[in-house]
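In what follows, every chain begins at residue 1, and chains take the letters A, B, ... in the order their sequences are listed.
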2 protein chains.
Amino acid sequence: MTISEVSKKCNVSADTLRYYEKAGLISFINRTPGGVRNYTEQDCKQIEFIKCMRSAGLSIEVLRKYFELFKRGKRTLKARRDLLANERENLQVRFKELQDTIRRLDYKISVYDKALKSKDKELKF
Amino acid sequence: MTISEVSKKCNVSADTLRYYEKAGLISFINRTPGGVRNYTEQDCKQIEFIKCMRSAGLSIEVLRKYFELFKRGKRTLKARRDLLANERENLQVRFKELQDTIRRLDYKISVYDKALKSKDKELKF
DNA sequence: ATATCACTTGGAGTTGACTCCAAGTCAAGC
DNA sequence: GCTTGACTTGGAGTCAACTCCAAGTGATAT
């Protein structure tokens with residue numbers, strides 16, 4: 001697959017794909033004799049994984065570390081597991097915060113709905 | 001309350017408080033005759049609200065719009081309500097995504113735990 | 001063989017959200 | 001009246017994560 005095909009398929013810009021490669025999130029992409037990147041299905045899966053983790057808020061730096069460990073082989077299995085477990089805990093915290101914020105917004109919206117009915121109220125902010 | 005007191009109380013840097021003011025997220029902070037900001041308890045509540053919304057991912061721009069509507073008075077009640085309801089929906093989407101990502105990480109961690117037990121496996125990424 | 005077009009690179013520019021800095025002001029203590 | 005220390009301002013700097021650009025290359029279509 002060319003970079004533009006992967007870009008469409010994974011909904012990530014070609015520039016971002018090249019950026020991820022430079023940043024160490026993707027390595028060893030095959031090239032055609034002419035030097036053009038030739039992505040495999042496996043590469044796409046990895047890109048989807050990166051996309052998913054990025055959208056949840058994992059930093060480029062954390063992902064770079066993860067894939068760097070990967071390059072160092074089997075002996076880093078535990079380190080990688082722990083890195084993921086740690087990020088998982090961070091997400092769990094953010095998950096709870098997000099839940100609270102949604103609840104807070106729900107309450108605020110309900111206050112607005114009341115104010116809208118009683119025709120003359122105003123809120124503090 | 002001075003800016004440094006609010007900074008401690010709300011755990012937001014003084015620079016950030018001034019930045020929020022410049023950005024239109026806070027307005028009409030009282031000043032002492034000498035020109036020093038003098039925050040009220042109400043101001044703090046608003047800052048806590050901003051902090052909460054920011055940490056959930058609402059942009060400065062969205063919050064600026066919200067408080068701008070506020071300045072325009074009661075006739076913007078509905079618009080403000082709708083703005084909040086819209087942001088709430090966005091958060092709900094992110095909430096579900098986050099949940100999925102946590103599940104995905106849990107699965108991946110479990111695969112690592114299996115690999116660690118069987119002593120010779122490696123994963124794809 | 002020439003035009004087209006998608007690709008390549010290194011590097012510069014952009015965006016959002018702060019964060020820091022220099023120069024100045026004001027109130028309080030000595 | 002002078003020092004100290006917390007405040008003020010406008011503006012510059014930083015950081016992460018892209019995003020864009022110019023100049024060049026290679027395969028394909030006419």
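The CD1-C1' distance, from A:I50 to D:dC18, rounds to 14 Å in whole Å. Between A:N38 atom CG and C:dA6 atom P there is a gap of 18 Å when expressed in whole angstrom units. Per the geometry, CD1 belonging to A:I29 stands 14 Å off P belonging to C:dC7, to the nearest Å. Atom pair A:R31:CZ and D:dG26:P shows a separation of 13 Å (rounding to whole Å applied). As rounded to whole Å, 19 Å separates atom P of D:dA6 from atom CE of B:M1. Rounded to whole Å, the distance from CD1 on B:I3 to C1' on C:dT19 is 13 Å. A:M53 places its CE atom 15 Å from the P atom of D:dA17, with the value rounded to the nearest Å. Summarising the geometry, the separation between CZ on A:R64 and P on D:dC18 is reported as 15 Å, rounded to the nearest angstrom.
For D:dA6, neither phosphate oxygen OP1 nor OP2 lies less than 4.0 angstrom from any side-chain nitrogen or oxygen of B:S4. Note on A:R37: a side-chain N or O is less than 4.0 Å away from OP1 or OP2 of C:dT9.
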Indicate for each nucleotide in nucleotides 10-18 of chain C, in 5' to 3' sequence, whether protein heavy atoms under 4.0 Å reach the base (B), only the sugar-phosphate (S), or nothing (-).
BB-----BB

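B:F125 has its ring centre no less than 6.0 Å from the ring centre of A:F70.
Ionic pairing of A:D15 and A:R18 is present here: one or more N-O contacts between side-chain nitrogen and carboxylate oxygen are shorter than 4.0 angstrom. Comment: B:R37 does not engage B:E5 in a salt bridge, judged by the lack of any side-chain N to carboxylate O separation of less than 4.0 angstrom. Salt bridge annotation for B:D100-B:R104: absent, with no cationic side-chain nitrogen under 4.0 angstrom from a carboxylate oxygen.
Considering B:R80, B:R75, B:K74 in turn, B:R80 is the only one that fulfils the salt bridge (Lys or Arg N to Asp or Glu O under 4.0 Å) rule with A:E122.
Note that B:K108 lies in the cation-pi zone of A:F49, set by a 6.0 Å cut-off to the ring centre and a 45° limit from the axis.
Nucleotides of DNA chain D nearest to A:G34 and B:Y39 differ in position, and the one nearer the 5' end is that of B:Y39.
Side-chain contact of A:T40 with A:D43: a donor-acceptor pair under 3.5 Å is present, judged by distance alone.
Contacts of B:T32 with the nucleic acid, taken as non-hydrogen atoms under 4.0 Å apart, are absent. As judged by a 4.0 angstrom heavy-atom cut-off over every strand, B:R18 is placed among the base-contacting residues.
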